[in-house]
Amino acid sequence: MKAIRIHAHGDASVLRLEDAEVPRPGHGQALLRIEAVGVNFVEVYQRTGLYQQPLPFTPGSEAAGTVEAVGPGVTLVHPGDRVGSVNVLGAYAEYAVAPAEKLVPLPDRVSTRQAAAVLLQGMTAQYLTTSTYPLRKGDTCLVHAAAGGVGLLLCQMASRVGARVIGTVSTEEKAALAREAGARDVILYTRTDFAAEVRRLMGGRGIQVDYDSVGRTTFEKGLDLLAPRGMMVLFGQSSGPVEPINPQVLNAKGSLYLTRPSLGHYTATRAELLERAGDVLGRVADGSLTVRIDREFPLAQAADAQRALEGRGTAGKLLLVP
Ligand code: NDP
C-alpha cells in the first residue's frame, strides 16, 4: 500500500509518499480501507515538531472508510461496516488500524467523505458550544478564524442556539462564508483592530466567551473583551503559542475563566464519543449542519494540502483521497 511518512521534522517537503506493509489489526483493533482522510492543523504542529511524536511516523488521525478485518477480541464492528474515526493510527495511508472502540458507525445518509470532513472539527465545535461553555440564547461569542474548518461549524452551532456570533477572518471571501454560516458581524482582523471593533459593535459591553484557535496574535486582546466571569476558550494556536499568563490577570480583568481544552478529554469514554459523533453526524444527515469541503487532494499531494492549510489559503475542510 501507499502511505505518507515523515522521517525528520521540517516544512511540508518532509511529507513523503512511500510503499508500506498493510498493518495487521492487533487485539481490540480494526483494519480500515480508507476512502477519505481529514487534514487537521495538529498535523502541522506534529510535522514541525511543536508537538512531539517519535520519528519516523505516518501522520493523520481522522478518516472514514470500510472495515476490512478485525483483530482478536473485537465485537463492536465487523468487516464491511462503514465507519469513521478521529483516532486512526496513521491516517495518511490507504489502510490503517484503529482501536475498535474509537470507531463510529456512519448513518446511510452521510458519505465517507462527509464523515472524514466533519468528525474531528464537528465534534470540536460541538463540545466547545455545549460543554466547555454551554452557549445560550442571548450570549455573544467571538469566533476567531471563523471561516476555518472548526470556525464555520462553530458559527453554525452557535447561531443555531440563538447566540450572537462575531467572527474574525483575513479576507472578504472568508467573511462572506462566515456570514453565511451564521456570524452576524465579521471583522477583517488583518486590516482592522478587532478588539476596538468588537467594543464598538457591543456598545462597550463585554462578551460571554471567546473561542480562540489563533493564539499568539489574538489571545491577549481577547481577554480584554470578556464580560466579568466570561470565559476564554483557547483551543488552538494557528498563529503560534501564547505567552505564559499570571493568574492574577484573570482576577484583574473580571474573575475570568481560562481553559485550554482538547477533543480527547471530551470524548474519553465510548458513550461520550458516540453521543457527540451521533449529534454531529445526525445534524449532517438532516441537513441542519453543512460541512464545506474546500478541496480534495490525492494522497500523494499531502504536502500541498498542508501548505494550503498553514498558508491561510483554505476555508473549510481539506481531504486527502487515497
Ligand atoms: P483552520 O481551517 O481554522 O485553519 C487555520 C486558520 O487560522 C487559517 O485559515 C487562518 O484563517 C487562521 N490563522 C490566523 N493566523 C494564522 C497564521 N499565522 N497562520 C496560519 N493560520 C492562521 O484549521 P482547523 O479548523 O483545522 O483548526 C483550527 C485550530 O483549532 C487549530 O489551531 C487547531 O489546532 C485547533 N483545533 C483544536 C482542537 C481541540 O480540541 N483543542 C480540535 C480541532 C482543532 P484566516 O485566514 O481567516 O485568518
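One-based numbering, in listed order, for ligands and for the atoms of each. Just so we're clear, the structure is a prediction, and the values are computed from it rather than from any experiment.
- Ile4 and Thr58 get closest at one heavy-atom pair: O-OG1, 2.9 Å.
- Relative orientation of the His9 and Phe57 rings is tilted, given thresholds of 30° and 60° on the angle between their planes.
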Report the C-alpha separation of His144 and Phe194 in whole Å, then their side-chain angles, then the decisive distance to 0.1 Å, and conclude whether the ring pair (Phe, Tyr, Trp, His ring centres under 6.0 Å) test is met. CA-CA 10 Å; His144 288 299; Phe194 77 85; 4.8 Å; yes
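- The shortest heavy-atom contact between Leu274 and Leu103 is CD2-O, 4.4 Å.
- In this structure, a donor-acceptor pair under 3.5 Å is present between the side chains of Glu35 and Thr66.
- The two atoms that bring Leu55 and His7 nearest to each other are CD1-O, 3.8 Å, heavy atoms only.
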Could you give the N/O to N/O pairs under 3.5 Å linking ligand 1 and the protein, each with its distance?
unit_1: ligand 1; atom_1: 2 (O); unit_2: Gly149; atom_2: N; d: 2.8
unit_1: ligand 1; atom_1: 9 (O); unit_2: Lys174; atom_2: NZ; d: 3.3
unit_1: ligand 1; atom_1: 19 (N); unit_2: Ser238; atom_2: O; d: 3.2
unit_1: ligand 1; atom_1: 25 (O); unit_2: Gln121; atom_2: NE2; d: 3.2
unit_1: ligand 1; atom_1: 25 (O); unit_2: Gly149; atom_2: N; d: 3.3
unit_1: ligand 1; atom_1: 25 (O); unit_2: Val150; atom_2: N; d: 2.9
unit_1: ligand 1; atom_1: 26 (O); unit_2: Gln121; atom_2: NE2; d: 2.9
unit_1: ligand 1; atom_1: 32 (O); unit_2: Tyr45; atom_2: OH; d: 2.8
unit_1: ligand 1; atom_1: 32 (O); unit_2: Ser213; atom_2: O; d: 3.3
unit_1: ligand 1; atom_1: 32 (O); unit_2: Gln237; atom_2: N; d: 3.3
unit_1: ligand 1; atom_1: 32 (O); unit_2: Ser238; atom_2: OG; d: 2.9
unit_1: ligand 1; atom_1: 34 (O); unit_2: Tyr45; atom_2: OH; d: 3.4
unit_1: ligand 1; atom_1: 40 (O); unit_2: Tyr127; atom_2: OH; d: 2.7
unit_1: ligand 1; atom_1: 40 (O); unit_2: Leu263; atom_2: N; d: 2.9
unit_1: ligand 1; atom_1: 41 (N); unit_2: Phe235; atom_2: O; d: 3.0
unit_1: ligand 1; atom_1: 41 (N); unit_2: Pro261; atom_2: O; d: 3.0
unit_1: ligand 1; atom_1: 46 (O); unit_2: Ser170; atom_2: OG; d: 2.6
unit_1: ligand 1; atom_1: 46 (O); unit_2: Lys174; atom_2: NZ; d: 2.7
unit_1: ligand 1; atom_1: 46 (O); unit_2: Arg312; atom_2: NE; d: 3.4
unit_1: ligand 1; atom_1: 47 (O); unit_2: Ser170; atom_2: N; d: 3.1
unit_1: ligand 1; atom_1: 48 (O); unit_2: Tyr189; atom_2: OH; d: 2.5
unit_1: ligand 1; atom_1: 48 (O); unit_2: Arg312; atom_2: NE; d: 3.3
unit_1: ligand 1; atom_1: 48 (O); unit_2: Arg312; atom_2: NH2; d: 2.7

